[in-house]
Amino acid sequence: MARVYNFSAGPAMLPEEVLKECAADMLDYKGSGQSVMEMSHRSKVFDDIIKEAEADIRDLMNIPDDYAVLFLQGGAWTQFSAIPMNLFKNKKAGYINTGNWANNARKEASRYGEAVELASSADKTYSYIPDVSDLPITDDMDYVYICQNNTIYGTKYKELPNTKGKLLVSDVSSMFLSEPIDVTKYGVVYGGVQKNVGPAGVTIVIVRKDLITDDVLEGTPTMLKWKTQADKDSLFNTPPCWNIYVCGLVFKWLKKQGGLEAIKKHNEEKAKILYDFLDQSKLFKGTVEPEYRSLMNVPFVTGDKDLDAKFVAEAAEAGFVNLKGHRSVGGMRASIYNAMPIEGVQKLVEFMDKFEKENA
Ligand SMILES: *Cc1c(COP(=O)(O)O)cnc(C)c1O
């Protein structure tokens, strides 16, 4: 068996230990005689799985009791609509444009009201995070929205915006559980799990309980009203049982690594290897302003399209797959989520060094 180092932005690598545990449990989950895939979501055994997953993520992220944790479907994209549908009272919100995901969320919200662009880094291909200390937030805005780690452009907020007392809503899809965050600073913090937490099919939405109400936009579908799932502990309809179970295993794996402080240290150490290499390289160049660099997504270029393509092809042959950058940045992107081992990045850097010498 030869496993590759998968640098995909998502779906992405999962810890090998977790995959082995899934394999071991596949035919007979803990003596139940069934796979979790086959199990009734109303069974006691699944109820234990989802309750334990919730308890573990609460523990990992230090989520206070006045926040609900919802395991939903439909990806981050579905929350682009659910957020305005649940939070619009004045039908107006502010969005910070740091790239495609933030912008897609803003466009979706503008179908239901006024979604104002408060700041943007489009002028430099989203290679930095705009100044968020004094944004033109007005009193009638229901919330301020950010995409905290920009998967495509490889930027991350150093500091949260000054929301001038308004609710903060954050998409953390590509940095979920990669470092500690202070949940109390947010009204809603959410993400699809397929970047850093588990198999595609679950979106985890952490939302302050007072924001979960029946007072939603007229016409909001039952499934998009947070209260529907909050009232039923995410079991209103059939949930993606197996995917939630795998997320639960990842939570336990993270606890075993020492929790989010420890994983952050590991991620910093890992990202530094790649950024240090880029900073001294004469061929490869990082595309992000250093102070806004993401720990998770690292875009880089050679400046020559043909050479980029050659690198991506030769890297894949050597077992480093999915390094092609997003079309809007070009070049390469290495996504180095929690499950990417340090050796994966070390070996990639060795490969880049060799490629640089061969193509000097
Ligand atoms: C991948 C991604 C999305 C889209 O997620 P889906 O689950 O495919 O809808 C949204 N936001 C960010 C930051 C992402 O990385």
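We count ligands from 1, going down the list as the structure has it; atoms in each ligand are counted the same way. Since the structure is predicted, the reported quantities are computational estimates derived from the model, not experimental observations. All heavy atoms count here, side chains included; hydrogens, waters and symmetry mates do not.
Contact check on D134 versus K164 returns a salt bridge, with a Lys/Arg side-chain nitrogen under 4.0 Å from an Asp/Glu carboxylate oxygen. Contact check on E356 versus K282 returns no salt bridge, with no Lys/Arg side-chain nitrogen under 4.0 Å from an Asp/Glu carboxylate oxygen. With salt bridges taken as basic N to acidic carboxylate O contacts below 4.0 Å, one links K92 and D140.
An N or O contact shorter than 3.5 Å is missing between N149 and ligand 1 by distance.
For atom 9 (O) of ligand 1, the closest heavy atom belonging to the protein is W77 N, 2.9 Å. Among protein heavy atoms, the minimum distance from atom 5 (O) of ligand 1 is reached at A76 CB, 3.5 Å. Protein heavy atom closest to atom 14 (C) of ligand 1, with residue, atom name and distance, is K195 NZ, 2.8 Å.
Interface of S173 with ligand 1, defined as ligand atoms under 4.0 Å from a residue heavy atom, comprises 11 (N), 12 (C), 13 (C), 14 (C), 15 (O). Ligand-side atoms of ligand 1 in range of Q194: 5 (O), 6 (P), 7 (O), 8 (O), range being under 4.0 angstrom from any heavy atom. Applying the 4.0 Å criterion to heavy atoms of T151 picks out, from ligand 1, the atoms 12 (C), 13 (C), 14 (C), 15 (O). Every atom of ligand 1 with a heavy atom of G75 under 4.0 Å away is listed here by number and element: 7 (O), 9 (O).
Atom NZ of K255 has more than 12 heavy atoms from other residues, nucleotides or ligands within 6.0 Å.
Between V288 and S294, the closest side-chain pair of non-hydrogen atoms is not below 4.5 Å.
Comparing D171, I152, N100, V193 by heavy-atom distance to atom 13 (C) of ligand 1, the nearest is D171.
The closest approach between any non-hydrogen atom of C147 and ligand 1 is below 4.0 Å.
For the side chain to side chain donor-acceptor pair (under 3.5 Å) with N150, the qualifying choice from N297, T155, D171 is T155, the only one to do so.
In this structure, the ring of Y186 has its center no less than 6.0 angstrom from the ring center of Y67.
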